[in-house]
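What follows is a set of notes on a single structure, which appears directly below.
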Amino acid sequence: MNNNFERYNPREKEPYWQKIWQERKTFQTANDEKREKYYILEMFPYPSGRIHMGHILNYTLGDVIARYQRAKGKNVLHPMGWDAFGLPAENAAMKNKIHPREWTYKNIDHMRSQLKSLGLTIDWDREFATCDEDYYHMQQILFLDMLEADLVYRRKSKVNWDPIDKTVLANEQVIDGRAWRSGAIVEQKELEQWAFRIKNFAQDLLEGLDKLEKWPEKVRLMQRNWIGRSEGLRILFEIVANDEIKQKTIEVFTTRADTIFGASFLAISPDHPLTKILMQNNQELSEFVIECKKLGTATEDIEKAEKRGFHTGIEVKHPLIRGRNIPIYVANFVLMDYGTGAIFGCPAHDQRDLDFANKYNLSVIPVILPPDESEENFKITDKAYIGPGTLYNSDFLNGLTIEEAKEKISNELESRAIDGKAQGTREINYRLRDWGISRQRYWGCPIPVIHCDQCGIVPVPKEQLPVKLPLDVTFDKPGNPLDHHKSWKNVTCPDCGFAALRETDTMDTFVDSSWYFARFISPKEKTPTNKKLCKEWLPVDQYIGGIEHAILHLLYSRFFTRAMKITGHLDLEEPFDAMFNQGMVTHETYQDKEGNWLSPEQVEIKTINGKREAFSLETGEKVKIGAVEKISKSKNNGVDPDKILKTNGADATRWFMLSDSPPERDVEWSEAGIDSANRFLQRVWKLVWQASTIKERPIEKVETDSEQIRQFRKLVHRTAHQVSIEIETIHFNRAVAQIYELINGLSKFITIVEKHPSASYIAALDEFIEYLILIIAPFTPHLAESCWQILGKTGLVSEASWPKVDQNLLIEENIIMPVQVNGKRRAQISVPKDYAKEKIEQKVLSLEPISRILTDKRVKKIIIVPNRIVNIVV
RNA sequence: GCAGGCGUGGUGGAACUGGUAGACACACAGGACUUAAAAUCCUGAGAAGGUAACCUUCGUGCGGGUUCGAGUCCCGCCGCCUGCACCA
């Protein structure tokens with residue numbers, strides 16, 4: 001140890017330790033181990049080209065947990081891979097004339113080296129990309145097994161169609177109803193497509209949520225709502241005889257059968273079979289339906305659009321009121337995918353129905369009377385009543401509650417029949433739809449089937465797998481390159497040997513990410529999974545990723561787990577035991593006079609008269625400081641991770657990401673914040689260096705204040721204890737605050753020791769500093785290794801155990817209790833723990849400020865919450 | 001449109017199951033060290049009022065309520081964010 005202090009230099013130390021970890025294979029995970037397993041997984045990245053701040057946050061969060069669990073003695077699995085199929089690679093191919101494959105693997109190489117510079121505890125031997133032939137080969141096996149188990153089927157479903165480019169568009173490629181490239185008004189087109197039967201699992205997926213106790217409540221709620229179980233009644237309405245149509249009845253699903261007497265219209269989907277029949281002889285209706293389809297397929301757009309209907313002129317008979325006929329409308333807000341694609345509208349008790357009725361002058365008949373209202377006074381004008389109440393205007397249902405009325409009307413309609421068919425059938429419906437996986441694109445996993453005129457759909461025999469993506473494709477014409485590739489597409493049928501066509505659709509990339517967690521267990525296995533090893537390693541103990549995946553990705557993975565159980569690839573209930581959703585990384589925005597967004601790098605922040613102001617580095621002009629927003633290209637408020645890592649190093653970047661903001665909330669990246677992280681590193685480094693030099697000084701023989709040492713030891717142990725809790729509950733910002741308090745305390749202690757370097761002080765200091773380093777190691781691992789080294793400890797801190805906590809040191813002997821008068825704090829007293837109530841009472845009443853306040857007041861009651869608070873009520 | 005979430009000083013946030021609101025950090029101000037600056041260290045601080053040690057009042061988006069006591073629970077609003085099935 002030299003005697004000249006040198007600042008900590010992450011640029012030199014970080015690559016040094018990363019190399020040592022790599023050489024010693026510190027983070028490689030063995031499959032056969034006696035120790036308890038811990039599988040931590042962060043959502044794998046899409047290889048867009050470079051990592052962004054969100055990735056740094058995501059992987060840092062996981063790495064802290066991985067390092068902590070490792071220190072706790074667990075056998076930790078922490079793998080990394082690439083969600084490598086998808087649209088951006090094809091966009092890049094069109095724009096830059098680079099093959100999607102080349103683009104993707106180049107991006108992966110770059111991003112891998114970026115991630116490595118973060119010092120993560122990844123077992124890189126297990127890495128794979130979903131576009132690796134080996135991975136999609138295994139996925140094709142899964143697909144064929146699912147096909148055999150009848151978990152996959154063909155169905156017609158709608159796509160966004162660009163009539164100019166003659167190509168299918170993703171929702172994000174549709175902007176305000178127009179195609180992003182050609183500008184054409186998008187149409188809906190029906191195609192024969194593959195779908196997974198996720199709906200079969202609706203009930204199981206719903207019930208399974210109850211057991212996922214370590215998932216955020218809000219995610220479970222979102223999934224519950226997404227699955228959308230509803231109990232209702234399927235009602236058969238009799239169509240008033242009409243020459244145009246042959247069918248006699250129409251089916252409607254409702255959850256509000258109790259409001260049947262308030263029904264004033266029926267609305268059917270533009271995709272309803274009846275609509276299609278009526279369109280044949282009705283030009284106007286055809287135009288209306290075409291108009292509806294111009295909204296594209298996104299549910300959001302359809303529901304945001306103005307509610308419109310088309311009066312068909314067809315009527316149905318009210319099932320209970322003789323002589324009352326109800327008109328049928330075709331309405332743009334009725335979805336064919338849900339229920340029967342037809343609803344009855346009761347305007348008085350549904351806002352959307354009311355808006356519709358008011359627009360088309362349909363009658364509004366209230367049938368539910370709110371508690372405290374009278375029949376004469378209760379009116380519905382433009383606000384529907386959806387609360388509780390009793391039935392009226394409803395014949396034999398009058399006076400009943402909503403629940404009773406549902407029951408009675410269901411019984412009634414069940415007992416009636418039209419043409420021998422029950423008029424009412426109780427039914428459970430789910431909002432969840434089957435998962436359409438067909439994509440008319442090149443860069444995805446090929447669906448391994450062949451279409452034969454003779455034999456129909458023929459699975460590609462497993463020994464012929466993988467169906468490889470052909471490399472010789474071009475992107476100069478619109479549409480799916482696979483569809484244009486003649487030699488790839490034209491094959492012989494494996495069954496009959498005659499000419500046949502290969503399926504040219506590829507799979508949704510959500511399929512790839514639905515089972516990668518299981519592949520990490522044995523990434524080189526010749527079957528998709530190794531069931532025995534999966535049994536040992538799964539479920540994932542902690543999964544971490546963005547909240548934007550709260551519904552789809554997580555639900556699909558849960559579905560896959562079930563599908564893989566049926567097909568014999570997994571024996572598992574749920575894939576992810578605990579889930580954590582981190583927030584986004586945000587940054588301030590800057591805008592110049594012309595309204596151009598300036599990047600943080602083009603701006604200098606100064607403080608003028610105590611106010612923060614921003615100036616353009618280029619022109620020197622004042623720049624407006626805007627809101628803190630999610631880092632995005634459009635607002636130009638991104639910061640370059642490469643630059644940040646280069647100037648500050650991994651540890652400071654990690655530390656800043658974890659400071660301040662609770663990880664489930666958004667993290668605001670700021671230049672001031674990263675400076676403070678750097679300062680923290682230097683403070684720790686200096687503290688450790690000081691401690692190591694004190695050891696070399698001659699020992700002074702002085703009395704040591706052992707009580708003082710005990711107080712500091714309590715701080716050290718309390719911090720170790722608290723930080724454990726904070727890491728286990730993913731409250732890293734709280735852990736950071738605790739660590740700051742620890743180094744503030746140790747700074748004080750070291751000045752004491754410097755004054756009087758006695759043997760017992762020095763021993764205590766050495767003990768405390770060792771704790772400090774072990775505590776910070778999961779957060780700033782490189783710095784911790786360097787500190788470990790100058791202290792002359794053996795081995796790596798990455799391999800050391802988490803510090804032992806002496807429980808006796810956690811007990812507080814004295815408690816400071818606030819004393820309130822009428823709920824307002826007026827004083828405080830220090831009492832021993834579990835001090836008798838009577839004694840506290842005595843003490844409190846004689847307390848100076850209290851007795852003064854209590855003169856001329858009468859004490860009504862004294863509330864004493866043991867070890868907490870005293871409240872005097874006057 | 002539907003569903004879910006969030007809102008606390010100048011700023012990020014802390015406050016376990018209702019019990020001292022503002023821990024910790026940033027920014028700021030003052031001081032020490034320095035020829036000077038940077039770095040570092042020390043001190044101060046929610047707001048308003050009382051010259052003041054000290055004290056009083058107000059204060060967790062807004063308006064009500066429950067309670068001895070509410071940032072926390074309940075009801076009604078406002079604002080912002082996320083997802084919506086072909087972006088990943």
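Residue numbering restarts at 1 for every chain, and letters A, B, ... go by the order of the sequence lines.
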Between protein and nucleic acid, restricted to nucleotides 70-75 of chain B and to nitrogen or oxygen atoms under 3.5 Å apart, what atom pairs and distances do you find?
none

What does the list of N/O pairs under 3.5 Å between the protein and nucleotides 54-57 of chain B look like, with a distance for each?
| unit_1 | atom_1 | unit_2 | atom_2 | d |
| --- | --- | --- | --- | --- |
| B:rU56 | OP1 | A:Arg826 | NH1 | 3.2 |

Nucleotide N/O of nucleotides 2-6 of chain B paired with protein N/O under 3.5 Å:
| unit_1 | atom_1 | unit_2 | atom_2 | d |
| --- | --- | --- | --- | --- |
| B:rA3 | O3' | A:Asn225 | ND2 | 2.8 |
| B:rA3 | O2' | A:Asn225 | ND2 | 3.1 |
| B:rG4 | OP1 | A:Asn225 | ND2 | 3.4 |

note = Parsed dot-bracket for RNA chain B after applying the Watson-Crick and G-U rules with both distances under 3.5 Å and | for other-strand partners is (((((((..(((......[....))).(((((.......))))).(((((...)))))..(((((..]....))))))))))))....
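Within the structure, a side-chain polar atom (N or O) of A:Thr299 is placed less than 4.0 Å from OP1 or OP2 of B:rA85. Regarding contacts with the backbone of B:rC84, every side-chain N or O of A:Asn171 stays at 4.0 angstrom or more from both OP1 and OP2.
Scanning residues 651-663 of chain A for heavy-atom distances under 4.0 Å to RNA chain B yields A:Asp660, A:Ser661, A:Pro662.
Taking atom CG of A:Leu295 as the reference point, atom P of B:rA85 lies 13 Å away to the nearest angstrom. For A:Asp434 and B:rC86, the CG to C1' distance is 16 Å, given to the nearest whole Å. Taking atom OH of A:Tyr556 as the reference point, atom P of B:rA88 lies 12 Å away to the nearest angstrom. Straight-line distance from the CZ atom of A:Arg155 to the P atom of B:rA85: 13 Å, rounded to whole Å. Rounded to whole angstrom, the span from the NE2 atom of A:His549 across to the C1' atom of B:rA88 amounts to 6 Å.
Counting non-hydrogen atoms of neighbouring residues, nucleotides and ligands closer than 6.0 angstrom, the CG atom of A:Leu221 exceeds 12 such neighbours.
For B:rC84, its base never sits under 3.5 Å from the side chain of A:Glu548 at any donor and acceptor pair. With hydrogens and angles ignored, a donor-acceptor pair under 3.5 angstrom links the side chain of A:Gln440 to the base of B:rC86.
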ask   = What string of B, S and - do you get for nucleotides 37-47 of chain B, 5' to 3', when a contact is any protein heavy atom under 4.0 Å?
value = ---SS------
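The residue A:Val667 sits apart from the nucleic acid: no heavy atom pair falls under 4.0 Å.
A salt bridge links A:Arg433 with A:Asp337: at least one charged nitrogen is closer than 4.0 Å to a carboxylate oxygen.
Residue A:Gln193 forms a side chain to side chain donor-acceptor pair (under 3.5 Å) with just one option from A:Gln440, A:Lys156, A:Arg155, and that option is A:Gln440.
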